[in-house]
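Both ligands and their constituent atoms are indexed starting at 1 by order of listing.
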Amino acid sequence: MVDLKRQYCRLKNEIDLAMQTVVESGAFINGPQVKQFADELSRFLACKAVIPCANGTDALQIAMMTCGFKPGDEVIVPAFTYVATVEVIALLGLKPVFIDVNKHDFNLDVLHLQKKLTKKTVGIVAVHLYGQCANMEEINLFAKHHNLLVIEDTAQAIGAEYTFKNGSSSYAGTLGDIGTTSFFPSKNLGCFGDGGAILTNNKPLGVKAKMIANHGQSKKYIHDEVGVNSRLDTLQAALLIVKLKELMNFTERRRKVAYAYDTELSKIQDIIIPHRNINSTHVFHQYTIQVRNGKRDELKLFLEELGIPSMIYYPIPVHLQKAYSTYGYKAGDFPVSESLCEKVLSLPIHTEMTEEVQEYIIENIKAYFN
Ligand SMILES: Cc1ncc(COP(=O)(O)O)c(C=O)c1O
C-alpha cells in the first residue's frame, strides 16, 4: 500500500544526517528538534500551538482532556472512522453518540446533528476521513450555536485545505477548537515509529494541552492537571523536520496518482471513484473506491492473487464493534456507514508510485470487470 523504503532512499542523505545529529547529541528526549519541529509545523499550518506527542490516539485523548469534558458528557462522533477516535471518548468515561456519514465524502453528515443533540452534548469530533475535510462550515456553526467544542481528527488529512464561505481558507486541524494528527509511518507526514500532535489556535487550550501531555506539569514538579506522559521523541522530530519540507511535494505526488486512477477507473460501471468536495482539497491519504453489486471482496481477492494489495478501511462500523455494544446501537442504525463497510476498497497510493506499477494495478482492475 505504501513504499516507505523508496521514499527513505530518495531523502537518505538529509534523513541520515538529521538522525546522526540526534544520536551524537544524546538528547533523545525533548531535544531541540522537538521544539523546532513544533515551530515549523505551526508555521506551515498557520496554527498558534502545536504540541507534539506520542501518537495520534494520545493526541485525541489529550485533546478531549484539554476540553475539560466530564464523565457522562456526550460527544458526537462518526460511526465510520478508525476505532481510535471513539476509543478515547469511551476511555475518558464520556459517551460516544454516533452519527452517520454522508455517502459522498464519507464524513460526518451535518443533516443529522440536530437529532443527536441533548442537554449532555459537549462536543463534536469531525474526522477528515481519507484526506478530505468534513463540512466544517456547518459543524462550526452548529457547535457555536449550541456552545459545543469541535475536535478535528486530522490523522488522515494533514495538509488538506478548507475554504469557508467568506473566502478564508485554513488547514485541516486548525478549523475547529482543537485538532489532532498522527505521524504513523504510513500517514502523509509519517515518522519512523509512532508520533502525533495536538493543534490549536486557542492559546489557553494550547497551554493546557501542553501541560496535560507532560504529566499535567506547569513547572518542574508542579502538577496543575492530571496528565499523561506522551512525547514525540527527538529522533522522530528530527526526521519529521526533513519530511515536513517535502509535504507539499508528497501531496502533489499522491494527487497525481489519484488523478490517474480517476481517469481510468471512472470508466468502470461498478466502481465509484472518490468524490471531491468543493470547499476542501483532498490529500489522498487513501484513494478509496466504492465497488457496486457485491463485487468488492472478489475484486480484492483477484488483485491479491496478482500481488496487488488493497485494504478495507473499515470492514465494521464502530457502533457494531463488540467493544462498543454497551452503548446499545444495532445494525440498521447508520445505513450509510454500514453500506460503505461493504463497498469501500482502498488502493495503493503513495509518494513513490511509478507509472508502470499503477498501470499494472489499473489494467488488472479492468481485467476483473471485463
Ligand atoms: C482517523 C484516525 N484517527 C486516529 C488514528 C490514531 O493514530 P495513531 O495510530 O498514531 O495512534 C488514526 C491512525 O490510523 C486514524 O486513521
Side-chain angles (χ1 to χ4, degrees), residues 1-2 4 37 41 50-65 75-92 96 98-99 101 105-108 123-134 136 139 150-160 172-173 175-176 178-199 209 213 228-233 236-237 239-240 243 254 274 280 282-288 311-319 321 323-324 337 340-341 344 346 349-350:
M1 295 294 287
V2 291
L4 297 175
F37 171 63
L41 185 58
V50 170
I51 298 104
C53 67
N55 56 64
T57 310
D58 274 10
L60 280 161
Q61 179 175 338
I62 294 161
M64 303 272 171
M65 291 169 79
V75 178
I76 300 172
V77 61
F80 190 60
T81 181
Y82 182 55
V83 71
T85 325
V86 182
E87 194 170 67
V88 297
I89 299 174
L91 272 174
L92 293 174
F98 292 109
I99 187 166
V101 295
D105 66 4
F106 319 128
N107 286 324
L108 185 161
I124 305 171
V125 188
V127 182
H128 306 308
L129 204 70
Y130 303 149
Q132 185 169 225
C133 296
M136 291 304 294
I139 294 169
V150 176
I151 298 124
E152 294 172 78
D153 183 344
T154 314
Q156 301 188 6
I158 194 100
L175 307 162
I178 192 161
T180 66
T181 197
S182 162
F183 305 123
F184 186 82
S186 61
K187 294 288 191 263
N188 289 30
L189 179 61
C191 58
F192 287 173
D194 274 311
I198 301 114
L199 321 164
V228 295
N229 173 24
S230 188
R231 295 186 282 243
L232 179 73
D233 69 64
Q236 305 301 346
L239 165 71
L240 286 165
K243 286 216 191 175
R254 286 175 177 274
S280 172
H282 202 317
V283 295
F284 290 101
H285 174 56
Q286 299 297 340
Y287 184 91
T288 303
M311 292 294 283
I312 298 169
Y313 302 122
Y314 300 94
I316 303 172
V318 190
H319 70 286
Q321 294 283 357
Y324 300 96
S337 299
L340 286 173
C341 289
V344 288
S346 298
I349 189 164
H350 53 82

Should you measure from each heavy atom of [X], which atoms of ligand 1 turn up under 4.0 Å away?
X: Asn55; value: 10 (O), 11 (O)
X: Ala155; value: 2 (C), 3 (N), 4 (C), 5 (C), 12 (C), 15 (C)
X: Thr57; value: 6 (C), 7 (O), 8 (P), 11 (O)

| request: For residues Phe184 and Tyr82, establish whether the separation of their ring centroids is below 6.0 Å. | output: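 Not close enough - the centres of the two rings lie 6.0 Å or further apart.
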[X] (side chain) donor-acceptor with [Y] (main chain) under 3.5 angstrom:
X: Ser230; Y: Ala213; result: no
X: Glu152; Y: Gly176; result: yes
X: Gln236; Y: Phe192; result: yes
X: Gln132; Y: Asp105; result: no
X: Thr180; Y: Gly56; result: no
X: Lys243; Y: Gly190; result: yes

| request: Could you check Tyr313, Tyr130, Tyr314 and say which one makes a ring pair (Phe, Tyr, Trp, His ring centres under 6.0 Å) with Phe106? | output: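 Among the candidates, only Tyr130 passes.
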When you compare ligand 1 with [X], is there at least one nitrogen or oxygen pair between them that comes in under 3.5 angstrom?
X: Asp58; result: no
X: Asp194; result: no
X: Ser182; result: yes

| query | Would Lys187 count as a contact of ligand 1 if the rule is a heavy atom under 4.0 Å away? | reply |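 Lys187: in contact with ligand 1 (<4.0 Å).
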Look at [atom] and say which protein heavy atom is nearest, naming residue and atom and giving the distance to 0.1 Å.
atom: atom 16 (O) of ligand 1; answer: Gln156 NE2, 2.9 Å
atom: atom 3 (N) of ligand 1; answer: Asp153 OD2, 2.7 Å
atom: atom 5 (C) of ligand 1; answer: Tyr82 CD2, 3.7 Å
atom: atom 8 (P) of ligand 1; answer: Gly56 N, 3.4 Å

